[in-house]
Amino acid sequence: MHPAFSVIFFTTASGAGYGLLTLMAIMQAGRVLPADPTPGLVGFIAALALITAGLLSSTFHLGHPERAWRALSQWRTSWLSREGVCSLATYIPAGVYAVGWIFTDWRDDLFTMTGMAVAVLSMQTVYCTAMIYASLKTIHAWANRWVPLGYFAMSIMTGALLLNALTTAFGYFHQAFFWTAAAAIVIAGFVKMRYWRFIDTVPGPSTAETATGLKGEIRLLEAPHTQENYLQKEMGYRIARKHAHKLRQLAIAAGFVAPMLLTTLAHISPPASAAPLTGLAVLVGAIGVLIERWLFFAEAKHAVTLYYGATEA
Amino acid sequence: MTSLPDREPETKLGLVIDLDICVGCHACAVNCKEWNAGGHSAPLTDYDPYGADPSGVWFNRIHSFEVLSEDGNGRTVHFPKSCLHCEDAPCVTVCPTGASYKREQDGIVLVNADTCIGCKLCSWACPYGAREYDTDQGVMKKCTLCIDKIYNENLDVESRVPACVSTCPAGARHFGDLGDPSSEVSRLVAARGGYDLMPEQGCKPTNKYLPPRPRKTGIGSTGAAGALEPVVGDGGGLFLRWIDKVLSR
């Protein structure tokens, strides 16, 4: 599949924003993260900016961005529509929660419940994003359970790295911030490795034989056109296996190994050097996640390529 | 709108494509382009049409495959493909705006170009490559089964078939109601073992494909005798009998 940058940026940035919102709410509910105004302000600005920038970026690849509001109407059948509805719905409790956190002393159970609503809706939105891909039977690399698990894991991991950097910068020291980040990196790394093993070893359901109904060894003698058509440009994007292998290693190194080392190093360092290390973990992790998401698109093969000479999809 | 019709449409208009007959002349694709460039989905934009890298919006395409069967025989199969107007059309249910819909009265799948946002998700959901994005107009387009032709009362009755069907010089394309088991197309499908493309994708396509008939390659398989009867009896002499034997082969 063609890796469109607007969609890569949207899924990674909004994923990180929703992960940060979710963890802030959970840590606040667990009385681990004090609801102080200044870190709250920075945290909410970072999370909502990532989410909003992502959502705006996702409309850039539309043929008619001015009609984007119509996408909220078909939530009964369409995961893309559900994602739109969930993402907008999340703004309401998130706005109330952020204002309450930053500008008021409102700290009763209702405040905590509002935070939990933010966490649930955030994760619901991430799930909808994942299901846009996981519901497409035409793309074997997407229509499997490792995809929603991966989207959850990457969202929480990037959110945890952001939260760890935020709390370290503001001088909050609690074991929970480090251990959450460390556990999230391990889980995300595990899910991603299993995902790659799945797409490498389990073949898709469609073949050139099922696509054409012809029996035997099938070879494309003549394509319909002399030049590439829309389908080949959009669905036929192919990345050489050797490059995919190298990029996977790079994604693992930058996305999981380096953030783990930096986060651990920050944990055992004196406060003065801990903050830049956690900030670096966010930046390096972001590069890793962008490579991971680029591969998620570039490595995915579409069933229609079976009509254009592919032997498996 | 993007929910599929609650009840199965009684009429299922579609095509039956005979892979045994298709000669791969591309006339169906050309006439499809010709009709639809001025019809319901007009225009079918071309990009760089006279330049070095021409491409454009097409609803119908012909692939040519070379098939090597297990017995070592090779054959060329020309394979036309347009929208299959699926019963469980995933392109319809993924549409976030309701622009993509399946008609209850005849099962035809269409796009409303006035509400399409051009997100391309329907083209990702279709396993057959039936969706065509018009970059120039920013909307998705697709085969309409010539909805502006098959119901057009200004045309002669015999012309009220899709452009690809009316133009096929070999008679490889048939149009009709596949929801009616007694229709000509349904009987053709039953008689020839018509099949679905990619049944494992679960789209339940309306269009059916008729498989190429088995190749006639062996002696006697064409219906003619393997060898001619000898015309020279025993009295013909050695040379004449030898000539007769050679010529009878």
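Only a predicted model underlies this, so the values are computations on that prediction, with no experimental measurement involved. Just the heavy atoms: all of them, side chains too, but no hydrogens, waters or symmetry mates, feed the values below. First the proteins, then the strands, lettered A, B, ... as listed; each starts at 1.
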Can the ring centres of A:Trp79 and A:Tyr127 be said to be less than 6.0 Å apart? yes

Less than 6.0 angstrom separating the ring centers of A:Tyr151 and A:Tyr18, yes or no? no

For [X], which atoms come within 4.5 Å of any heavy atom of chain B: side chain, backbone, both, or neither?
| X | answer |
| --- | --- |
| A:Lys137 | both |
| A:Ala211 | both |
| A:Tyr133 | side chain |
| A:Ser58 | neither |
| A:Leu220 | both |
| A:His302 | side chain |
| A:Trp142 | side chain |

Between chain A and each of [options], count heavy-atom pairs under 4.5 Å; write down the option with the most.
| options | value |
| --- | --- |
| B:Pro199, B:Ser55, B:Cys119 | B:Cys119 |
| B:Val139, B:Thr115, B:Val57 | B:Thr115 |
| B:Ser69, B:Gly56, B:Gly202, B:Cys116 | B:Cys116 |
| B:Ala29, B:Gly24, B:Pro54, B:Gly74 | B:Pro54 |
| B:Cys203, B:Pro211, B:Cys126, B:Ala130 | B:Cys126 |

Regarding A:Arg293 and A:Thr11, is there a side-chain donor-to-acceptor distance under 3.5 Å anywhere? yes

Kindly give the heavy-atom pair with the smallest separation between B:Cys122 and B:Met140, and that separation in Å. SG-CG, 3.4 Å

Minimal heavy-atom distance between B:Leu15 and B:Val165, with the atoms involved, is CD2-CG2, 3.5 Å

For the candidates [options], which exhibits the highest count of non-hydrogen atom pairs separated by less than 4.5 Å from chain B?
| options | result |
| --- | --- |
| A:Ser81, A:Ala68, A:Pro205, A:Ser206 | A:Ser206 |
| A:Ala303, A:Ala71, A:Ser73 | A:Ala71 |
| A:Glu228, A:Glu234, A:Lys233, A:Glu83 | A:Glu234 |
| A:Leu72, A:Leu306, A:Leu136, A:Leu231 | A:Leu231 |
| A:Ser135, A:Gly213, A:Ala143 | A:Gly213 |

Less than 4.5 Å to any heavy atom of chain A: does that hold for the side chain of [X], its backbone, both, or neither?
| X | result |
| --- | --- |
| B:Tyr128 | both |
| B:Pro80 | neither |
| B:His26 | side chain |
| B:Val67 | both |
| B:Phe65 | both |
| B:Thr135 | neither |
| B:Ile62 | backbone |

Would you indicate whether A:Trp75, at its atom CH2, is surrounded by more than 12 heavy atoms from other residues, nucleotides or ligands within a distance under 6.0 Å? no

Run the salt-bridge test on [X] and [Y] with the 4.0 Å N-O cut-off and return the result as yes or no.
| X | Y | result |
| --- | --- | --- |
| A:Arg219 | B:Glu66 | yes |
| A:Arg70 | B:Asp114 | no |
| B:Lys33 | B:Asp46 | yes |
| B:Glu132 | B:Arg61 | yes |
| B:Asp18 | B:Arg173 | no |

With B:Val109, which of B:Arg103, B:Arg131, B:Glu87 fulfils side-chain contact (heavy atoms from CB on, under 4.5 Å)? B:Arg131

Using the ring of each side chain (for Trp, its six-membered ring), is A:Phe296 parallel, tilted or perpendicular to A:Tyr195, with breaks at 30° and 60°? tilted

On the 0 to 90° scale, with breaks at 30° and 60°, tag the B:Trp124-A:Phe297 ring pair as parallel, tilted or perpendicular. perpendicular

